[in-house]
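Fair warning: this is a prediction, and the values are worked out from it, not measured in the lab.
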Amino acid sequence: MKILNFGSLNFDHVYQVDKMVQEGETVSADRYCRHFGGKGLNQSIAIARAGAQVYQAGAIGQDGRDLVDYLKSCGVDTGYISILEEASGHALIQVDNQGQNGIIVFSGANGLISEDMIDRVLEHFSPGDYITLQNETSNIPVLLRKAYEKEMVIFFNPSPIPEDLKQIPFELVDYLFINKSEGATLSGEKDLDKILAVLMNKYPNCSIILTLGSRGVCYVDKENIYTHGIYDMPVVDTTGAGDTFCGFFIACMSRGVPIPKALETASKASSICISREGAAPSIPTIQEVESWDLIPVKNRVETVRRLAKAENE
Ligand code: RIB
């Protein structure tokens with residue numbers, strides 16, 4: 001079984017600010033750094049650092065060779081990345097004193113993934129292979145349909161959430177990673193229990209992994225509901241925490257790790273990620289994660305217990 005990640009590769013321009021810039025304002029940044037990023041690249045690095053082999057597909061410009069070299073240095077197979085005439089994607093990221101971020105993404109070459117490129121990559125993969133997707137590259141609906149026809153196991157993190165949800169065949173997805181605001185947009189509900197109930201009703205064959213920041217994570221499928229809390233770490237920069245979670249969870253699934261243990265490992269990895277600066281550089285290795293056994297877990301998600309109770313009544 002192989003793992004393909006068809007996703008974005010960005011240069012992240014990160015500005016440390018006292019307070020996020022608001023409409024009509026100009027603010028000074030205290031610090032500037034350039035990191036490697038993009039939800040695709042981050043998730044591949046997380047999968048590789050979690051100890052699994054991953055093939056990254058996607059597109060960069062002539063300016064993007066450092067992105068490929070970085071992926072290679074992290075053990076990711078980069079053979080399916082196309083080099084196009086367009087500039088590589090980039091993101092402008094503000095990080096405030098609480099470690100929270102605000103991101104603008106320019107897709108660049110990530111927005112030029114064609115159907116032909118998709119076909120050329122997928123022909124190297126087989127039924128049962130994993131594919132992981134985010135929503136920073138073009139032609140996601142086509143990619144989802146082709147991966148489904150090929151009987152690949154589909155992991156989808158629809159971030160940034162698209163305006164036109166109807167275009168995306170969510171019903172083809174096996175594992176859906178969303179945060180609360182994405183869940184609210186997809187379900188039309190605000191309350192956590194209702195979000196999960198609506199999504200399970202709409203997509204009964206999908207496993208939903210709802211990440212809730214400081215409140216932890218809920219996992220729901222047809223038969224199971226699990227929750228896990230976060231770990232008590234200083235918040236330096238939350239950028240890439242979601243990608244770290246996805247990558248570690250996918251790597252655990254590929255090794256047949258039971259869901260509760262996969263949630264624990266992915267939660268530990270993303271808690272370590274937020275205690276460091278940057279996206280890709282802050283992603284820990286599996287060895288680091290396994291040596292952090294003593295960090296106390298906190299803030300389990302109570303609401304899922306209510307959902308489970310309601311279902312049993
Ligand atoms: O999820 C974090 C990523 O979002 C950053 O690395 C940035 O490139 C944006 O795509």
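Summarising the geometry of Ile45 relative to Ala280, their closest heavy-atom pair is CD1-CB, 4.1 Å, with the distance given to 0.1 Å. Pairing each heavy atom of Glu86 with each of Ala109, the nearest pair is CG-N, 3.4 Å. Residues Thr244 and Pro284 come closest through the heavy atom pair CG2-CD, 4.0 Å. Contact between Ser267 and His228 at its shortest, heavy atoms only, is OG-CD2, 3.4 Å. Closest heavy-atom contact between Ala279 and Asn42: CB-ND2, 3.5 Å. Residues Ala48 and Val76 approach most closely at CB-CG2, 3.9 Å, considering heavy atoms.
Because its NZ or CZ atom is both nearer than 6.0 Å to the ring centre of Tyr55 and within 45° of the ring axis, Lys2 counts as a cation-pi partner of that residue.
Side-chain atoms of Ile60 and Val68, non-hydrogen and from C-beta on, do get closer than 4.5 Å to each other. The shortest distance between side-chain heavy atoms of Val17 and Val95 does not fall below 4.5 Å.
Within 6.0 Å of the CD atom in Glu85, the count of heavy atoms belonging to other residues, nucleotides or ligands does not exceed 12. For Tyr203, the OH atom sits in a packed shell: over 12 heavy atoms of surrounding residues, nucleotides or ligands are nearer than 6.0 Å.
Grouping the Ile, Leu, Val, Met, Phe, Trp and Tyr side chains by contacts below 4.5 angstrom, directly or via other members, places Val105 apart from Leu133. Ile286 and Tyr130 fall within a single hydrophobic cluster, where Ile, Leu, Val, Met, Phe, Trp and Tyr are joined by side-chain heavy atoms under 4.5 Å apart, directly or via other members. When hydrophobic clusters are built by joining Ile, Leu, Val, Met, Phe, Trp and Tyr residues whose side-chain heavy atoms come closer than 4.5 Å, directly or via intermediates, Met1 is grouped together with Val54. In this structure, Ile93 is not a member of the same hydrophobic cluster as Phe36, with clusters built from ILVMFWY side-chain heavy atoms closer than 4.5 Å.
Listed for the Asp221 side chain is a donor-acceptor partner under 3.5 Å among the backbone atoms of Glu223. Between the side chain of Arg49 and the backbone N or O of Ile283 there is at least one donor-acceptor pair closer than 3.5 Å. No donor-acceptor pair under 3.5 Å is formed between the side chain of Lys39 and the backbone N or O of Asn135. Remark: the backbone N or O of Gly40 is paired with a side-chain donor or acceptor of Ser8 at under 3.5 angstrom.
Using a 3.5 Å distance cut-off with no hydrogens or angles, the side chains of Thr211 and Asn179 do not pair a donor with an acceptor. With no hydrogens or angles considered, a side-chain donor-acceptor pair links Asn10 and Asn110 at under 3.5 Å. A donor-acceptor contact under 3.5 angstrom links the side chains of Ser207 and Tyr219, judged on distance only. No hydrogens or angles considered: a donor-acceptor pair under 3.5 Å links the side chains of Gln56 and Ser44.
Rounding to the nearest 0.5 Å places CD of Glu189 at 11.0 Å from NZ of Lys180. Note that the CD1 atom of Ile209 and the CE atom of Met253 stand 8.0 Å from one another [nearest 0.5 Å]. Distance check, rounded to the nearest 0.5 Å: CD1 of Ile195 to CE of Met200 gives 14.5 Å. The line from CG of Asn139 to OG of Ser114 is 7.5 Å long, rounded to the nearest 0.5 Å. The CD atom of Glu288 sits 11.0 Å away from atom SG of Cys273, with the distance rounded to the nearest 0.5 Å. How far OG of Ser275 is from CE of Met233: 3.5 Å, rounded to the nearest 0.5 Å.
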Derivation and outcome, side-chain hydrogen bond (donor to acceptor under 3.5 Å, both in side chains), residues Gln134 and Asn5: CA-CA 9 Å; Gln134 313 78 33; Asn5 180 6; 3.0 Å; yes

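Ion pairing between a basic and an acidic side chain is recognised when a charged N comes within 4.0 Å of a carboxylate O; Asp116 and Arg120 show such pairing. Electrostatic pairing of Lys261 and Glu264 counts as a salt bridge here, judged by a charged N lying under 4.0 Å from a carboxylate O. The residues Glu115 and Lys146 are annotated as salt-bridged, a charged nitrogen and a carboxylate oxygen being separated by less than 4.0 angstrom.
The aromatic rings of Phe249 and Phe245 sit parallel, their planes meeting at an angle under 30°, below the 60° perpendicular limit.
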Which atom pairs, one a donor and one an acceptor, fall under 3.5 Å between side chains of residues 151-172 and the rest of the protein, sequence neighbours left out?
{"unit_1": "Asn157", "atom_1": "OD1", "unit_2": "Gln43", "atom_2": "NE2", "d": "3.0"}
{"unit_1": "Asn157", "atom_1": "ND2", "unit_2": "Phe177", "atom_2": "O", "d": "3.2"}
{"unit_1": "Ser159", "atom_1": "OG", "unit_2": "Glu182", "atom_2": "OE2", "d": "3.1"}
{"unit_1": "Asp164", "atom_1": "OD1", "unit_2": "Lys166", "atom_2": "N", "d": "3.3"}

